[in-house]
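These notes are about the structure you will find just below.
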Amino acid sequence: MKQYVLAVLTLALCVGGVEMVSTVNRGRARVEGKQLLPGRDNWDFVGHALKSDLTTLVLALKQRNTDDLTQLFWSVSDPLSARYGKFLSLEEVKEIVQPHPQDIKDIMVWLHHYNVDSCSLIETRDFLKCRVTVGVAEQLLETNFGYFQHSVQKDNVIIRATQEYTVPKRIASKLDFIGGVHRLPNVESKLKIKQTMPLPDDLSAFRYGVHPDTLRKRYNVSDNVATNANNSQATAQFLKQFYSAGDLTKFMSHFGKGFPHLNKISHEVGPNSGKAGLEANLDVQYIMSLGANVSTTFWSTGGLNKGQEPFLEWLLDLSNTSQIPHIFSVSYGDHERTLSAEFMNRINLEFQKIGVRGVSVLFASGDDGAGCHRFEDESYTFEPDFPSSSPFVTTVGGTMFTAVFSDVNEKGNDISGGGFSNIFSMPKYQMETVSGYLNSSVKGLPDSKYYNSSNRAYPDVSAMSDDFWIIIDRLLMNVAGTSAATPTVAGLIALANDARLNAGKPVLGFLNPFIYQNPDIFFDVTLGPPSSACWLDDLEGYPLSEGWDPVTGFGTPDYHRLVAAAMKY
Ligand SMILES: *[C@@H]1O[C@H](CO)[C@@H](O)[C@H](O)[C@H]1NC(C)=O
Ligand SMILES: *[C@@H]1O[C@H](CO)[C@@H](O)[C@H](O)[C@H]1NC(C)=O
Ligand SMILES: *[C@@H]1O[C@H](CO)[C@@H](O)[C@H](O)[C@H]1NC(C)=O
Ligand SMILES: *[C@@H]1O[C@H](CO)[C@@H](O)[C@H](O)[C@H]1NC(C)=O
Ligand SMILES: *[C@@H]1O[C@H](CO)[C@@H](O)[C@H](O)[C@H]1NC(C)=O
Ligand SMILES: *[C@@H]1O[C@H](CO)[C@@H](O)[C@H](O)[C@H]1NC(C)=O
């Protein structure tokens, strides 16, 4: 008997993220089944947190009627549905999903018992954000908190639990997860800097690399810009990624000669101060060059205050704001493997809450190709990322020109993130397309043991992702990554929305059913090497093919065909 108990209490520790499996005290329960503790991905434990330190806990309260939400999400997003484009207001979303008042009350009573009263609910009442001291958080969750410092960005220090967390059983059943306890933000930009040089006086003879005119020419946009005053687009930024208004103005004066455009961000949400960030400057410079003359919001969750999860913060903001931009371009992701299913499923519901309101959310597919994860026993597998693997967002992969001085033919970029989720089953909208790829005579499909081909496949579309010129700190810099492709596609979608708004139609909203029903919008990208994977083991990722493939999706957008298709419905 004694031995049995000991065995059950043994902690199972895995390297590369410390995953704990242990028994839970009677009367208490885990909220998330799989808890991957901090102490990975360049975050080092540097000491126990002071009991008096303040930290933020975000309680994700279980929503009601999520099946209704999902059904509405699909019907307003499917061009073939009678409800297409009949989007909901934030108030209507709240009426569907808000938790039962008694559940909210029970949670408040539990918190009140520990004298926690600095909590606020968001508009949809399904997230509760509380500022608490570390001492109180440790009692609430029966765990300990420590400081974790980023090994490169040393001024980034955050508070996270060093052990698994539990709550009373009756509370666990009312929550999806608690934010601010374990997950560590992904702070390093994946963008690759290829070259930096002083800004030349005259850029008119500038032919090499990608700038707005290159993209406008390639995607047949020429000098078309938006004209509807109700149009809008946004980039979401996390973790001290700020943009420089001065760099934006300079960029437009050098590279925006060929098309009418705005020189300034129209709205800023959250802080924007400090050093200009690569990602933020790239996003605003390119979304405003393709989605030119569209009112643009810089949506920032700003600083990394101790204890915050910036990605979560952004989602909370969206469900706490009644008017939000029609499009978000986002470059942010984590390995699926490092996140709990409870967390990802809830984030998927958040994407549905946004989509049902008519907002298009585009995520960069990632810059590691099919990805590579090595197990302890030296075997390996592909590594899908989330949210790029979410069935409820549009995922954007990357291409490049076939030759340095070509500006017409594209090939796949082997770093373009893509593949199959290990968690989410394949959504209906892509079943036929993806089985077409898997059944085809494509040569060199990787061994099926490395991926789960019955699941959500990504990316959906792509755009150029290499040799982008940006201006940062008054210097000219050449960068690469799928985070360049994402604002490019987002800006083009904003132009398609513009045509619809001018015709009195609603915007496109969640794009994927529309995209998969209109594959001929895109220039099919069929050339190029397979995506990268486990190069140490000579394992390649996915090959390109005619039509959709898990490197470039359907390919890159043609402005004329995109707008024509958008106007059909
Ligand atoms: C939601 O917005 C209201 C104001 O509209 C604000 O008082 C409240 O603090 C916000 N809640 C959160 C969690 O940010
Ligand atoms: C669109 O772009 C393709 C490839 O660049 C080009 O062949 C075609 O002529 C363009 N069509 C229009 C209408 O501009
Ligand atoms: C830019 O958009 C505004 C509406 O927001 C419109 O009035 C104006 O004509 C547009 N400019 C150009 C050059 O089309
Ligand atoms: C903008 O939206 C408002 C409110 O829906 C509408 O009354 C107005 O006509 C729209 N303006 C344009 C230019 O579409
Ligand atoms: C593939 O994913 C599905 C979930 O969609 C799961 O049920 C199934 O067990 C997975 N297959 C393998 C071989 O892991
Ligand atoms: C692909 O093959 C599967 C199984 O053989 C079949 O069910 C499916 O219909 C095929 N899909 C296409 C598009 O040919």
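Atoms within each ligand, like the ligands themselves, are counted from 1 in listed order. Note that these values count all heavy atoms, side chains included, but never hydrogens, waters or copies made by symmetry.
The distance from ligand 1 to the heavy atoms of Asn320 drops below 4.0 Å at these ligand atoms: 1 (C), 2 (O), 3 (C), 8 (C), 10 (C), 11 (N), 12 (C), 14 (O). With ligand atoms numbered from 1 in the order given, ligand 5 contributes 5 (O) to contacts under 4.0 Å with heavy atoms of Ser425. Ligand-side atoms of ligand 5 in range of Asn455: 1 (C), 2 (O), 3 (C), 4 (C), 5 (O), range being under 4.0 angstrom from any heavy atom. The contact set between ligand 1 and Ser120, taken as ligand atoms under 4.0 Å from a residue heavy atom, comprises 9 (O), 11 (N), 12 (C), 13 (C). Within ligand 1, the atoms closer than 4.0 Å to a non-hydrogen atom of Leu121 are 11 (N), numbered from 1 in the order shown. Of all atoms in ligand 5, listed by their number and element, those nearer than 4.0 Å to a heavy atom of Asn452 are 1 (C), 2 (O), 3 (C), 8 (C), 10 (C), 11 (N), 12 (C), 14 (O).
Under a 4.0 angstrom heavy-atom cut-off, Asp317 registers as lying outside contact with ligand 1.
Gln71 CD: 12 or fewer foreign heavy atoms inside a 6.0 Å radius. More than 12 heavy-atom neighbours from other residues, nucleotides or ligands sit within 6.0 angstrom of NZ on Lys62.
Below 30°, between 30° and 60°, or above 60°: for Trp110 and Tyr114 the angle between ring planes is above 60°, a perpendicular geometry.
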Would you give me the side-chain donor-acceptor pairs under 3.5 Å for residues 318-328, sequence neighbours excluded?
residue : atom : partner : partner atom : Å
Ser319  : OG   : Lys353  : NZ           : 3.1
Asn320  : OD1  : Glu123  : N            : 2.9
Thr321  : OG1  : Asp317  : O            : 2.6
His326  : NE2  : Asn230  : O            : 3.2

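The distance between the ring centers of Tyr451 and Phe420 falls below 6.0 angstrom.
Screening residues 445-457 for salt bridge (Lys or Arg N to Asp or Glu O under 4.0 Å), with sequence neighbours left out, gives Arg456-Asp460.
Listed by chain and number, Val225, Ala226, Thr227, Ala229, Pro260, Asn293 each place a non-hydrogen atom less than 4.0 angstrom from ligand 3.
Annotation: Ser454 places no N or O atom under 3.5 Å from an N or O atom of ligand 5; distance criterion only. For ligand 5, none of its N or O atoms has an N or O atom of Asn422 under 3.5 Å away.
Figure legend: cation-pi geometry between Arg357 and Phe510 absent, as NZ or CZ is not positioned both under 6.0 Å from the six-membered ring centre and within 45° of its axis. The cationic atom of Arg183 (NZ for Lys, CZ for Arg) lies less than 6.0 Å from the six-membered ring centre of Phe177 and within 45° of the ring axis.
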Exercise. Quick one: do Asn220 and Asp558 satisfy side chain to side chain donor-acceptor pair (under 3.5 Å)? Show the steps, please.
Key: CA-CA 6 Å; Asn220 283 337; Asp558 175 283; 2.6 Å; yes
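Checked against side chain to side chain donor-acceptor pair (under 3.5 Å), Ser389 has the following partners two or more places apart in sequence or in another chain: Glu336.
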